[in-house]
Amino acid sequence: MNYWLMKSEPSVFGIDDLRRSPGRKTCWDGVRNYQARNMIRDDMRVGDQALFYHSSTEATGVAGIMEIVRAGFPDPSALEPDDPHYDPDSDPAAPRWFAVDVKFKEKFGRIVTLAELKRHRALSGMQLLKRGNRLSVMPVSASHWRLILDLARGR
DNA sequence: GCCAACGTTGGC
DNA sequence: GCCAACGTTGGC
């Protein structure tokens with residue numbers, strides 16, 4: 001099983017929105033970066049776990065956990081002209097962008113903040129903490145995953 | 001709101 | 001293929 005971290009701005013869609021979604025599931029669409037696309041399309045598997053990361057907000061950080069419940073499929077929002085993520089250059093016959101379905105698993109009792117993650121030397125290798133990182137989807141190692149869950153649960 | 005860092009675009 | 005200009009991300 002793989003571990004991931006996926007970013008979203010809570011002012012657009014946060015972990016509470018996911019929890020309130022029908023079936024506690026949503027289509028994680030709108031990713032328009034090729035590196036992230038490749039991971040969504042090629043590497044995400046049903047049953048993989050993902051940290052839900054809140055970006056661009058006060059208290060940026062990890063808010064909880066979700067699970068991949070449908071592996072990569074062509075992102076419908078790329079083909080829908082009314083969608084803000086519409087890509088006019090996208091070809092339905094050769095999909096460029098991909099999405100997964102995710103399901104709410106857990107909301108932490110608190111946000112494990114970015115500042116806090118930065119304080120732990122054991123997490124210094126995290127892609128999230130690398131300078132200039134802007135990926136909205138990235139892998140998380142099993143050891144980093146465990147440590148972050150320990151932090152969330154007060155060890 | 002500012003700005004650093006990065007990805008993409010397009011002229012050449 | 002180079003690279004300047006531009007747009008976006010996201011922390012602060």
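What's counted below: heavy atoms across the whole structure, side chains too, no hydrogens, waters or symmetry copies. Chain A is the first sequence line, chain B the second, and so forth, proteins listed ahead of strands; every chain is numbered from 1.
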Trainee: Heavy atoms of chain A, cut-off under 4.0 Å: which first and last nucleotide of DNA chain C, 5' to 3', fall inside that, if you could look?
Mentor: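 The contact span of chain A on DNA chain C goes from C:dG7 to C:dC12.
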Trainee: Going from NZ on A:Lys25 to CG on A:Leu18, what distance comes out if it is rounded to the nearest 0.5 angstrom?
Mentor: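 Those atoms lie 11.0 Å apart.
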Trainee: Check A:Arg24, A:Met1, A:Lys105 against A:Glu67 for a side chain to side chain contact (heavy atoms under 4.5 Å, CB included) and give me the one that passes.
Mentor: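 Between A:Glu67 and the candidates, side chain to side chain contact (heavy atoms under 4.5 Å, CB included) is satisfied uniquely by A:Lys105.
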Trainee: Could you go step by step and tell me if A:Tyr53 and A:Thr60 meet the side-chain contact (heavy atoms from CB on, under 4.5 Å) rule?
Mentor: CA-CA 7 Å; A:Tyr53 181 89; A:Thr60 60; 3.9 Å; yes
Trainee: Please list, chain by chain and in numerical order, all residues satisfying side chain to side chain contact (heavy atoms under 4.5 Å, CB included) with A:Asp91, sequence neighbours excluded.
Mentor: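 Testing A:Asp91 for side chain to side chain contact (heavy atoms under 4.5 Å, CB included), a comparison that skips the adjacent residues, returns A:Ala93, A:Ala94.
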Trainee: Looking for any heavy atom pair under 4.0 Å, which part of the strands does A:Lys130 touch: base, sugar-phosphate only, or nothing?
Mentor: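 Nothing, no heavy atom under 4.0 Å.
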Trainee: Just checking, is any N or O donor in the side chain of A:Asp101 or A:Trp28 under 3.5 Å from an acceptor N or O on the other one?
Mentor: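 On atom types as modelled, these side chains do not qualify, holding no pair under 3.5 Å.
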Trainee: Quick one: label A:Arg131 by what it contacts on the DNA or RNA (base, sugar-phosphate, nothing), any heavy atom closer than 4.0 Å.
Mentor: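 The answer is sugar-phosphate, as A:Arg131 gets under 4.0 Å only of primed atoms, P, OP1 or OP2.
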Trainee: With sugar-phosphate meaning primed atoms plus P, OP1 and OP2, does A:Ser56 contact a base, only sugar-phosphate, or nothing at under 4.0 Å between heavy atoms?
Mentor: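 Base contact.
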